[in-house]
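Single-structure report; data block below.
Keep in mind that this is a model prediction, so the values were computed, not measured.
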Amino acid sequence: MILKRKFYERETLTVARELLGKLLVHESDEGLTAGKIVETEAYMGPEDKASHAYGSLRTKRTEAQYGPKGHAYIYFVYGMYYCFNVTSGRTPGKPEAILVRALEPVSGLEIMKKRIANSKGSAINLTSGPGKLCMAMGMSTKQNGADLCARPLHVDEGDKIRKAEIAQTTRINVDYADEWKNTPWRFFVKNNAYVSRPTRK
DNA sequence: TGCACGATTCTCT
DNA sequence: GAGAATCGTGCAA
């Protein structure tokens with residue numbers, strides 16, 4: 001069952017937390033790959049210095065964040081990796097997004113391994129980090145702006161994660177964001193082997 | 001037009 | 001724990 005638009009049109013921090021346990025599915029030409037979301041980070045738009053949309057910065061790159069909720073915002077970093085985000089929030093047109101940092105592979109393992117040339121064979125190395133997960137799922141800027149409420153790229157109803165199983169910490173690699181680097185806007189499933197960094201840096 | 005840098009990952013120490 | 005790989009983007013000039 002594909003999640004409805006309404007799921008994303010709520011408080012971004014709530015969506016970020018409830019995204020844990022949901023299933024990200026990509027039906028590509030090479031076949032179907034899917035993974036359970038086990039780690040997310042919320043980026044709160046204009047006020048959040050760690051966000052690309054800080055100060056309401058609106059460019060070709062950040063455009064997708066200003067569009068409808070429940071769409072993909074995918075960008076290129078460090079000259080070699082992509083990061084996958086979901087747009088969300090209660091206010092239409094406000095650039096809030098949720099970075100998906102880690103997945104637990106569910107189907108299409110062989111396709112994922114094929115996509116990651118340097119994989120050492122361990123499933124842990126396929127989707128435990130924002131750059132790797134995009135590679136494994138076959139996502140790139142081609143999917144930027146794609147509607148996640150429809151195929152081929154969408155989010156399905158998955159496991160219900162109990163509150164006690166959810167950990168909340170500060171975000172990763174946003175040291176440049178002054179006081180915003182200390183905001184506890186990262187969520188992940190406790191004791192899940194696929195989380196990129198089980199504890200705070 | 002030029003230039004510094006990043007919502008990362010891997011390798012080596 | 002530090003450094004390299006590698007290039008699109010944003011901002012200064």
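Partner of E41(A) under the salt bridge (charged side-chain N to carboxylate O under 4.0 Å, His left out) criterion, out of K181(A), R171(A), R101(A): R101(A) alone.
Residue side chain Y78(A) does not reach the base of dA5(C) through any donor-acceptor N/O pair under 3.5 Å, judged by distance alone.
Set against dG8(C), dG10(C), dT9(B), the side chain of R61(A) has dG10(C) as its closest nucleotide. Minimum atom distance to the side chain of M80(A) is reached by dT6(C), of the listed dA7(B), dT9(B), dT6(C). Nearest to the side chain of L57(A), among dT9(B), dC11(C), dG6(B), sits dC11(C).
Per the geometry, CD1 belonging to I74(A) stands 22 Å off P belonging to dG6(B), to the nearest Å. What separates OH of Y75(A) from C1' of dA7(B) is a distance of 3 Å, to the nearest Å. In this structure, I98(A) places its CD1 atom 18 Å from P of dA7(B), rounding to the nearest Å. Following rounding to the nearest Å, Y54(A) (OH) and dG10(C) (C1') show an atom-to-atom distance of 15 Å. Nucleotide dA7(B) holds its P atom 16 Å from the CH2 atom of W185(A), rounded to whole Å. One can place OH of Y82(A) at 14 Å from C1' of dT9(C), the figure rounded to the nearest angstrom. Note: CZ (R186(A)) to P (dT8(B)) measures 11 Å, nearest angstrom. Nucleotide dC5(B) holds its P atom 15 Å from the CG atom of D175(A), rounded to whole Å.
Put simply, T59(A) has a side-chain N or O that comes within less than 4.0 Å of OP1 or OP2 on dG10(C). Distances shown here put a side-chain N or O of Y176(A) below 4.0 Å from the OP1 or OP2 atom of dA7(B). For the OP1/OP2 pair of dT8(B) and a distance below 4.0 Å, the side-chain nitrogens and oxygens of N173(A) include at least one atom meeting the criterion.
Between W185(A) and W180(A), the ring planes lie tilted relative to each other; the angle falls in the 30° to 60° range.
Among the protein residues, G131(A) comes within range of the sugar-phosphate backbone only, with heavy atoms under 4.0 Å from sugar or phosphate atoms but none that close to a base. Within the nucleic acid shown, R101(A) comes within 4.0 Å of sugar-phosphate atoms alone, with no base atom in reach, counting heavy atoms only. Within the 4.0 angstrom heavy-atom criterion, only backbone atoms of the sugar-phosphate kind lie near K132(A); the bases stay farther away.
Taking the side chain as every heavy atom from C-beta outward, S107(A) and T33(A) never approach each other to under 4.5 Å. You'll find the side chain of N125(A) stays beyond 4.5 Å of the side chain of I116(A), heavy atoms only. Taking the side chain as every heavy atom from C-beta outward, T141(A) and Y75(A) never approach each other to under 4.5 Å. Residues Q168(A) and R186(A) form no side-chain contact, since every pair of their non-hydrogen atoms from C-beta on lies 4.5 Å or further apart. Side-chain contact check for L133(A) versus F84(A): some heavy-atom pair is nearer than 4.5 Å.
The separation of dT6(C) from dG2(B), taken at their P atoms, amounts to 22 Å, rounded to a whole angstrom.
Side-chain N or O atoms of E165(A) include one that pairs as donor or acceptor with a backbone N or O of R162(A) at under 3.5 Å.
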Give the dot-bracket string for DNA chain C, reading 5' to 3', where a pair is Watson-Crick or G-U wobble with both distances under 3.5 Å, ( ) marks pairs inside the strand, [ ] marks pairs crossing earlier ones, | marks a partner on another strand, and . marks unpaired.
-> |||||.||||||.

